[in-house]
Structure formats: C-alpha cells, structure tokens
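What follows is one structure encoded as structure tokens, with my remarks underneath.
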Amino acid sequence: MLLIKRLTSEADVYSLVLLLNKADAPIALDIETTGLSSFKDSLISVAIACHLGSFIIEARHAKHLASLKCPLILHNFKFDYTFLYRKGIDLTHLDCRDTMLMHHLLDENQPHSLDHCIQQYFGDNYKEVFWNTYKTFEDAPEDAQDRYAGLDADYTLKLYNVLCSALKEEGIPNALVKQVHAFAFAMLDTEIQGVNLDVKRVKELGLNNRIRILKLEKDMRESCLQAIETIEGELYARELDKRKTDKGKAAVRRPVFNWGSSQQLQDLLYNRLGLPRQFSILRKQTCDDNALSKLEGQHPVIELLREQRALDKVFNGFLVAALEQQKDGVIYPSFNINGTVTGRISASNPNLQQLPSSGGIRSIYISRPGHSFISADYKQLEVTLAAHFSMDKNLLRVVNEGISLHDLTAEGVGCERTRAKTLNFALTYGAGTKKVAKILGCNLQEAERALARYWRTYPGLKAFIDRCHKWVDLGRGLQNPFGRIRHLHIPADADAYEAAGVKRQAFNSVIQGTGAQLTNNAFTKMAEEIKIKGHGRALFPIHDECLIEIKTEYVDYWAARMKEIMVNEGHLIALRVPLDVSVTGGMHSWED
DNA sequence: TAACGAAGCGCG
DNA sequence: AAAGCGCGCTTCGTTA
C-alpha cells in the first residue's frame with residue numbers, strides 16, 4: 001500500500017526537501033492545478049514521490065521546492081515548470097527526466113498522456129474513476145485529491161524505471177534521449193519568455209486588411225447579384241419552413257450569402273453561374289484555390305474571391321489571433337516536443353511555424369530593444385539527406401557540384417523546369433502515376449513513361465526508397481542516424497491502398513526525421529551557447545531553420561557561428577555529403 | 001449549447 | 001474506388 005501524506009506545516013516541507021537532497025535519488029514531481037493556463041489558473045498542490053511514498057505539498061508551501069537538488073522525474077515537465085514559474089517558483093535550473101518524452105521515443109504512434117502510460121504499463125484506472133466521480137479537481141474532497149495526486153507522482157516514478165529499461169531494450173541511444181531533453185529545455189525558455197509582438201502594427205495591418213476585404217466582398221456581391229439573391233431567398237424560405245409558429249417565423253432574419261461557406265459557394269459557382277465543376281483527387285466537387293485557379297477568367301468573381309480568401313485567412317488566422325493571444329505585447333507560444341511521429345516539433349497558440357512567409361505578416365513579430373533576429377536555414381536539406389542515404393550519382397552531383405536538381409529532372413524526364421520541380425517534391429513523397437499525370441498534364445501511359453525516365457535519372461534514389469519499403473515489410477521500424485525509430489507496419493487486414501499509404505511514409509520519415517533532429521540539435525547548441533555568453537537567446541526552430549534573437553553588436557558573430565554549428569551537425573552523424581546553410585540576419589522584425 | 005468532422009489553407 | 005509526407009487553425013454545418 002502506497003503511503004500518501006499531506007504536509008501541512010512549512011517545517012515539514014523544509015525537512016522533506018533536506019531529506020531528499022541528502023538521499024540524492026530520483027524523485028517524481030507532479031502538480032495539480034485548477035486548469036491548464038499558467039496565467040489564469042492557480043496551483044492547488046504539488047505531489048512528490050520518492051522511495052518512502054508520496055507527499056502532498058500545499059500551494060502555499062511550494063516555494064521551498066526551488067531548493068531541491070536531487071534528480072527530478074516529471075511527465076511533461078514543460079507544463080509543470082512553466083506553471084510553477086508563473087507562480088513565482090522557479091525550477092528551470094533543475095535538470096529532469098521527462099517520462100512523456102521517453103514514451104514518445106519508445107513508440108511515436110501511441111498517445112503519451114500520463115493516463116495512457118499508466119493504463120499501458122500498470123493497468124490502473126484510478127484516473128478514469130476519479131474523473132467520472134468529480135467534474136473538477138477541486139470538487140473532490142481533500143483525501144481523494146491527495147490520493148489522486150500521490151498516485152500520479154508515484155506512477156510517474158515507476159514509469160521512469162520501466163521506460164529506462166524499455167528504451168535500452170529497444171536500442172534507443174542514450175545520446176538521443178539526452179538530446180531530446182536538452183532541446184525541450186531550450187524550448188521551455190522560449191515558452192516562458194515569449195516573443196514580442198508589434199501590437200500597433202498588427203492593428204494597422206488588420207485595419208487595411210479589413211478595408212480591402214469589405215471592398216472585395218461588395219464587388220463580389222455586385223458581380224453576381226442576381227444569383228446571390230436567389231440563393232439567399234431559398235435559404236430564407238428553408239429557414240421559415242423549419243419554424244412552426246408565426247412568432248418563430250417572424251424571428252427569422254433574412255440570411256446573407258456567406259463567402260466562407262463552401263456549400264453556398266459551390267451552389268453559386270456551379271449551379272447558378274454554370275461554371276465548369278471542379279473535382280478533388282477524391283472525386284468530390286470542390287471550390288478550393290486550385291479549383292478557382294482553373295476558373296480564372298471565366299467570371300469576374302473568381303479573381304476577387306481568391307484575393308478575399310487569402311486576405312480573410314491572414315486577418316482571422318494571424319492578426320486577430322495574435323491580438324487575442326498577446327499579453328502586454330508578448331506572445332507565449334506552446335511547443336509540443338512530441339507532437340509528430342517523425343521527430344519534428346509542432347507549435348500552437350499560435351502556430352509560429354505556419355506564419356505566411358510572404359506578405360509581410362511575420363513583421364508583426366519584433367525583436368527586443370537592442371536585439372536583432374537572425375535566421376539560418378539548411379539549403380535543400382531533404383535533397384541533401386536523400387543524397388546521403390541513397391548515394392545516388394545524380395543527387396550527389398546536385399549536392400556536391402551545385403547542379404540544379406530541377407534542371408536535372410527537367411532534362412532527364414523531358415519536361416519544363418516548373419513541372420520538374422513539382423515532380424521532385426511529389427515523387428519523394430511517394431506520388432503515383434495518377435498524380436504524375438496530373439502534374440505533367442498528360443495521360444496515364446505517358447506518365448508511366450515519364451516515371452520510368454525519372455527513376456532512370458535517379459536509380460540510386462529508387463533503390464533506397466525500395467529499401468525503405470522492404471524495412472516496412474520486415475516490420476521492424478526504420479531507425480534514423482540519431483537512433484530515433486519510426487514504427488511502421490502494414491496491418492494484417494490492410495488493403496493495397498492502405499499498404500501503399502504506410503510505405504509512402506517510410507522514405508519520408510527517414511528524411512524528415514533526420515532533418516528535424518539535425519536542426520533541433522543545432523538549435524539546442526545555439527541556445528545553450530547564447531545563454532552562457534549572455535548574447536541573447538534562441539527562439540525556435542522551424543523544421544530546417546533556426547531563429548535566434550541576438551544583441552545587435554553580436555549579429556555578425558552569430559551569423560557565422562550559427563552556420564558553423566549547423567554544418568557541424570552533419571559531421572557528428574558522419575554525413576557523406578556537406579550541409580550548406582544560408583543566413584539572413586540583422587532584422588528587427590521577423591521578415592526576410 | 002457543445003462537440004466533432006470536413007473543408008480549406010498556412011508552413012516545411 | 002481510392003493513389004503526396006508531416007503539422008495547427010478557422011469556419012462551417014451537422015449531431016448529440
């Protein structure tokens with residue numbers, strides 16, 4: 001039976017910390033809060049699990065935990081560290097191991113919540129029972145709260161031991177485990193400090209944007225007024241039909257045509273205006289931008305609509321969102337270290353990785369006074385890695401001699417450069433004959449022949465992709481040079497389509513996963529070095545790019561140093577081809 | 001009213 | 001019958 005004890009006096013908490021420091025054995029720490037927001041919600045308690053059992057520390061005494069010196073184990077430590085930091089309890093100098101990160105390294109396909117991990121390894125469902133009984137944590141009586149928190153911490157500690165041996169057994173290198181943790185620590189800094197937002201500029205851009213959108217919508221309406229009014233009339237009639245009473249009918253407002261509704265838009269374009277119907281690959285009728293591009297010139301509304309859509313996305317997705325999420329001119333994004341199956345990170349609230357790279361939106365993010373942004377990205381990283389893995393003769397020429405991949409493909413296949421470019425992306429992601437036919441604008445037979453010419457140009461690449469497929473068939477997963485494994489297997493009951501889908505992921509996972517780890521490791525080194533030198537800070541990576549914020553007098557130094565660090569990552573995994581990096585620097589806003 | 005999937009689109 | 005990898009966010013429209 002697990003001992004769970006609530007410490008009610010400051011002296012008890014203090015003695016516990018002394019005791020734990022003296023023992024210097026790993027302990028698990030888990031916080032309970034009223035919610036997930038470290039700004040809005042408050043701390044309820046902190047549970048600590050050690051060899052003696054679990055101890056519950058009340059929020060009012062939690063500050064003593066900052067003097068802990070023993071190794072810590074947490075499940076999703078970024079959450080606990082950030083939350084405690086905002087409550088004035090700074091643990092960020094304390095190293096730790098994270099059972100969520102470890103679990104992800106073990107199996108990227110599983111969910112990684114503590115709940116799921118406990119179910120998987122210990123089969124205890126106390127969490128489910130708890131949440132079925134109480135709606136919020138505070139609803140539970142104190143002893144139920146303590147039992148829940150105590151078990152969470154205790155299981156985290158047990159989980160750590162289980163995961164340690166599992167990682168060893170699976171052949172996940174300890175170096176990779178360390179790299180992932182160090183990277184998470186670097187991202188924690190950015191999450192805590194945030195990135196400065198130019199609120200004035202957001203408002204300016206937003207206003208201009210809004211004015212243009214309103215003008216566009218007015219013109220759009222006028223360009224097909226009759227059809228729109230017909231649709232509105234029918235929508236109105238349908239709404240009236242739904243209401244039974246006269247009073248209900250009277251309350252119905254005449255609907256206004258909604259340009260954002262794909263249903264209404266399809267009705268307008270294809271039924272009322274009689275434009276040629278466009279279909280997606282899945283043979284569904286669509287009016288996405290690709291479809292609209294085909295209709296360009298056939299009706300004046302198309303051109304306006306495409307612009308309106310783009311502006312609307314920027315307005316709602318990036319400007320309004322930024323204003324809502326900023327606090328005193330600072331944006332606090334979240335980074336999910338195990339948000340992907342390949343080893344890339346994902347970002348949210350906001351997703352800084354999906355900010356439009358053109359159109360000036362990135363300029364809303366600004367450097368701190370006296371600092372500048374520097375961005376460094378790997379030049380054609382995926383092609384370089386494909387050359388390394390496949391040792392394909394032509395890919396090696398591209399990487400070593402600086403010959404253009406797209407030119408080479410255009411020559412080998414016999415098509416225009418722009419199509420060759422699309423082809424290169426498509427084929428490394430596993431596109432089939434149909435997609436190739438679409439790209440080249442030809443029939444299936446011709447696509448087949450073009451495909452043959454493509455693989456004749458890059459025979460080594462073809463052989464490597466085939467090898468990836470073979471690894472999938474063997475069912476052992478694909479391990480990249482850092483030791484991260486992508487577990488892919490074709491289910492026994494899979495049909496040909498499903499099987500092909502799994503195989504498509506294989507090659508891409510190796511390339512994408514290696515590229516991400518390369519970038520993240522380089523980023524971590526920058527972050528640590530910049531911090532030690534007091535030159536500023538590293539902000540975040542974007543898949544194959546690193547963004548840092550540096551005191552302006554060190555911009556030249558860091559522009560060169562970033563490149564050194566990033567290129568050197570290739571040597572550390574014995575890459576057989578050189579990495580190349582391009583640096584853009586010295587901007588006071590994030591815009592290149 | 002909330003929860004959810006689909007469509008559409010931004011990034012690498 | 002389908003046929004391009006990995007993400008997150010907003011809006012719409014349907015369902016519980």
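So you know, we letter chains A, B, ... as the sequences are listed, proteins then strands, and number each from 1.
Between A/Lys470 and A/Asp466 there is no salt bridge, since none of the side-chain N atoms of the basic residue sits less than 4.0 Å from a carboxylate O of the acidic one.
Taking every side-chain heavy atom of A/Lys284 into account, B/dA6 is the closest of C/dG4, B/dA6, C/dC12.
Nucleic acid contact class of A/Phe425 (heavy atoms, under 4.0 Å, all strands): base. Among the heavy atoms of the strands, none lies under 4.0 Å from A/Ala496. Contact annotation for A/Asn258: backbone-only contact, meaning every heavy-atom pair under 4.0 Å involves sugar-phosphate atoms and none involves a base. Looking at heavy-atom distances under 4.0 Å, A/Gln263 makes contact with sugar-phosphate atoms alone, never a base. Using a 4.0 Å heavy-atom criterion, one finds that A/Val314 contacts no nucleic acid atom at all. When heavy atoms are screened at a 4.0 angstrom cut-off, A/Thr286 is found touching the sugar-phosphate backbone but no base atom. Residue A/Gln512 is in base contact, counting any heavy-atom pair closer than 4.0 Å across all strands shown. Base contact: A/Ala426 has a heavy atom under 4.0 Å from a base atom. A/Asp289 comes within 4.0 angstrom of sugar-phosphate atoms only, judged by non-hydrogen atoms across all strands, and of no base. Backbone-only engagement by A/Asn349 is indicated by non-hydrogen atom pairs under 4.0 Å involving sugar-phosphate atoms exclusively.
Taking the six-membered ring where the residue is Trp, the centroids of A/Phe389 and A/Trp471 are separated by 6.0 Å or more. Residues A/Phe373 and A/Tyr365 place their aromatic rings such that the two centres sit no closer than 6.0 Å.
Taking atom CG on A/Leu355 and atom P on C/dG8, their separation rounds to 16 Å, with Å as the unit. The CD1-C1' distance, from A/Ile213 to C/dT10, rounds to 13 Å in whole Å.
Nucleotides C/dA3 and B/dG8 have their P atoms positioned 15 Å apart, rounded to a whole Å.
Residue A/Arg344 places a side-chain atom within donor-acceptor reach of the base of B/dG12, judged by atom type and a 3.5 Å distance cut-off alone.
In this model, the phosphate group of B/dC9 is approached by a side-chain N or O of A/Arg309 to a distance below 4.0 Å at OP1 or OP2.
In this pair, A/Phe425 and A/His406 present their aromatic rings tilted. The plane angle is within the 30 to 60° band.
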